[in-house]
Trainee: 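I'd like to ask some things about the structure below.
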Amino acid sequence: MGLDLSPKLAKKVYGDDGGSYYAWCPNELPMLREGNIGAAKLALEKNGFALPRYSDSSMVAYVLQGGGVAGIILPESEEKVIAIKKGDAIALPFGVITWWYNKEDTELVVLFMGDTSKGHKPGQFTDFFLTGSNGIFTGFTTDFVKRAWDVDDDIAKALIGNQKGKGIVKLDANVKMPEPKPDHRKGMALNCEEAPLDTDIKNAGNVVLLNTQNLPLVGQVGLGADLVRLEGNAMCSPGFSCDSALQVTYIVKGSGRLQVVGVDGKRVLETIVKAGNLLIVPRFFVVSKIADPGGLSWFSIITTPNPMFTHLAGSIGAWKAISPEVLQAAFKVPAETEKLFRSKRTNDAIFFPPPN
């Protein structure tokens, strides 16, 4: 495989006083186009308002920083107004309309990763804005607007032309926005930093899985996700997605070493990853990470709602299931070496603490 797998940073697409929108370009990260995956980030300053929009792709949103309010309108459903904060994951199926608002001093940053296989551009999200200088109202003639919404000429012109902003605007501090409703949050969002841990290895790391059990909407999105946190100098077992899914990884915090091994046992990537990097591991390729002393955290989407992984090391490693005679023959080693190999990592699963 000759594709460039090296991790990349997002680049600014548009923005003004209220905030900015960033995206990863498939020309720079070819695996986006190859895997039909899109990735972008929304950053809102205080009083920043991301105008109502819908996308041509289903996706998972993850709040990287700050807090705010999100409006979510599922097809043929009422608006859900929810408070969002760092660690929240939100599943956004096809046809959902969203708006985002930050009333806090801290910048609100939201990551979006999703499936572009049904989108207009492979590897890129295309958003359709309901309002603004590039909104749908600007495309229709005044008489169509008047007829469709049953308004007079002055109102039609106001709807078409008053909002000069594009995508993101900054609202006056005295503008009143809808208050979030606690009951609206149920089934719409899951905080990965507060959710029960699916795996927790002392002094090594932990993981929270996002699937149809704890957030049923991911079934409609067709994606699974996880938040993984590695302790300083700990290792994540070499492993691969065994159900042909792609894994798209965003480095949330920290840094560390990463290696990927592909076809014919070739190491196709060896690099240092750090916060802000995005990378995609091809199907069935084996990946492993070792955290730097400050630790390493990442959020990933997997292109199936209930992903399955095969780990090659640790107490649940695939090697443990293979009979001793087969391992001896496969590695061409004596029985003593096979026994030593099998005796290691009997208590550690997935994550390994730093060596003593």
Side-chain angles (χ1 to χ4, degrees), residues 9-24 38-55 59-73 79-92 96-114 125 127-135 137 158-159 161-185 188-194 227 250-254 274-278 297 299:
L9 298 170
K11 290 190 175 180
K12 183 175 177 179
V13 179
Y14 63 83
D16 211 329
D17 292 341
S20 300
Y21 180 85
Y22 303 83
W24 281 267
K41 280 196 297 188
L42 174 68
L44 293 179
E45 305 293 340
K46 184 175 183 179
N47 297 319
F49 175 43
L51 297 173
R53 72 200 64 196
Y54 62 92
S55 176
M59 62 188 75
V60 173
Y62 182 74
V63 182
L64 295 168
Q65 176 183 302
V69 181
I72 302 171
I73 305 95
E79 179 185 59
K80 304 284 188 181
V81 181
I82 64 172
I84 56 173
K85 63 179 181 179
K86 181 176 177 287
D88 277 350
I90 306 163
L92 302 174
V96 67
I97 295 172
T98 63
W99 55 262
W100 310 80
Y101 176 62
N102 181 20
K103 60 181 178 180
E104 308 296 337
D105 291 329
T106 303
E107 186 179 46
L108 170 64
V109 183
V110 184
L111 172 72
F112 302 93
M113 297 193 291
F125 299 137
D127 288 336
F128 295 83
F129 296 90
L130 302 191
T131 67
S133 63
N134 59 340
F137 277 95
L159 292 172
N162 277 14
Q163 179 56 268
K164 305 296 185 185
K166 178 183 177 181
I168 299 170
V169 298
K170 186 170 186 175
L171 301 180
D172 291 335
N174 59 0
V175 171
K176 186 172 177 59
M177 295 292 282
E179 290 295 324
K181 299 178 180 179
D183 60 312
H184 281 186
R185 188 176 162 87
M188 299 299 298
L190 176 77
N191 191 278
C192 296
E193 295 187 354
E194 299 173 356
L227 175 66
Y250 176 86
I251 307 299
V252 174
K253 184 180 178 182
K274 58 184 180 181
N277 283 158
L278 185 89
S297 300
F299 183 80

Trainee: Where is the tightest heavy-atom contact between Ile90 and Met188, given as atom of each residue plus distance?
Mentor: CG2-O, 3.4 Å
Trainee: Considering only NZ, NE, NH1 and NH2 on the basic side and carboxylate oxygens on the acidic side, decide whether Lys85 and Glu104 come within less than 4.0 Å.
Mentor: no
Trainee: Check step by step if side-chain contact (heavy atoms from CB on, under 4.5 Å) holds for Trp99 and Val81.
Mentor: CA-CA 9 Å; Trp99 55 262; Val81 181; 4.2 Å; yes
Trainee: Could you please spell out the steps behind the side-chain contact (heavy atoms from CB on, under 4.5 Å) verdict for Val109 and Leu42?
Mentor: CA-CA 6 Å; Val109 183; Leu42 174 68; over 6 Å; no
Trainee: Return the minimal non-hydrogen interatomic distance between Leu278 and Ala39, and the atom names on each side.
Mentor: CD2-CB, 3.6 Å
Trainee: Look up atom CG in Asn134 and atom CZ in Phe128, then write down how far apart they are to the nearest 0.5 Å.
Mentor: 11.0 Å
Trainee: Side-chain contact test, heavy atoms from C-beta onward, threshold under 4.5 Å: evaluate it for Ser55 versus Phe112 and give yes or no.
Mentor: no
Trainee: With the side chain counted from C-beta on, respond yes when Arg53 and Thr98 share a heavy-atom pair under 4.5 Å apart, and no when they do not.
Mentor: yes
Trainee: Salt bridge between Lys164 and Asp16, side-chain N to carboxylate O under 4.0 Å?
Mentor: no
Trainee: Is any side-chain heavy atom of Leu108 closer than 4.5 Å to one of Tyr101?
Mentor: no
Trainee: Do the side chains of Trp100 and Asn102 get nearer than 4.5 Å, heavy atoms only?
Mentor: no
Trainee: To the nearest 0.5 Å, what is the distance between CG (Leu190) and CZ (Arg185)?
Mentor: 8.0 Å
Trainee: As an exercise, state the distance from CG of Asn277 to CH2 of Trp24, rounded to the nearest 0.5 Å.
Mentor: 9.0 Å
Trainee: For a quick test of reading the model, state the closest non-hydrogen atom pair linking Lys41 to Ala10 and the distance between them.
Mentor: CE-CB, 4.4 Å
Trainee: Minimum heavy-atom separation for Ile84 and Ala70, please, with both atom names.
Mentor: CG2-CB, 4.1 Å
Trainee: Quick one: does any side-chain atom of Gln65 pair with a main-chain N or O of Glu107 as donor and acceptor, under 3.5 Å?
Mentor: yes
Trainee: So, Tyr250 versus Phe299, ring centres under 6.0 angstrom or not?
Mentor: no
Trainee: Is there side-chain contact between Met177 and Val69, with at least one heavy-atom pair below 4.5 Å?
Mentor: no
Trainee: At what distance, to the nearest 0.5 angstrom, does CG of Leu159 lie from CG of Leu130?
Mentor: 12.0 Å
Trainee: State, to 0.1 Å, how close Ala189 and Ile82 come at their nearest heavy-atom pair, and which atoms those are.
Mentor: CB-CD1, 4.2 Å
Trainee: Would you say that Ile168 contacts Tyr14 through its side chain, given a criterion of any heavy-atom pair below 4.5 Å between the two side chains?
Mentor: yes
Trainee: Which pair of heavy atoms, one from Leu51 and one from Gly165, lies closest together, and at what distance?
Mentor: CD1-O, 4.2 Å
Trainee: As an exercise, state the distance from NZ of Lys103 to CG of Asn47, rounded to the nearest 0.5 Å.
Mentor: 10.5 Å
Trainee: Report yes if some heavy atom in the side chain of Met113 is under 4.5 Å from a heavy atom in the side chain of Val60; otherwise report no.
Mentor: no
Trainee: Could you check whether any side-chain heavy atom of Val96 comes within less than 4.5 Å of a side-chain heavy atom of Met59, counting everything from C-beta outward?
Mentor: no
Trainee: Can you tell me how far the NZ atom of Lys274 sits from the CD1 atom of Ile251, to the nearest 0.5 Å?
Mentor: 11.5 Å
Trainee: Considering residues at least two apart in sequence or located in another chain, which fulfil the side chain to side chain donor-acceptor pair (under 3.5 Å) criterion with Glu193?
Mentor: Lys86
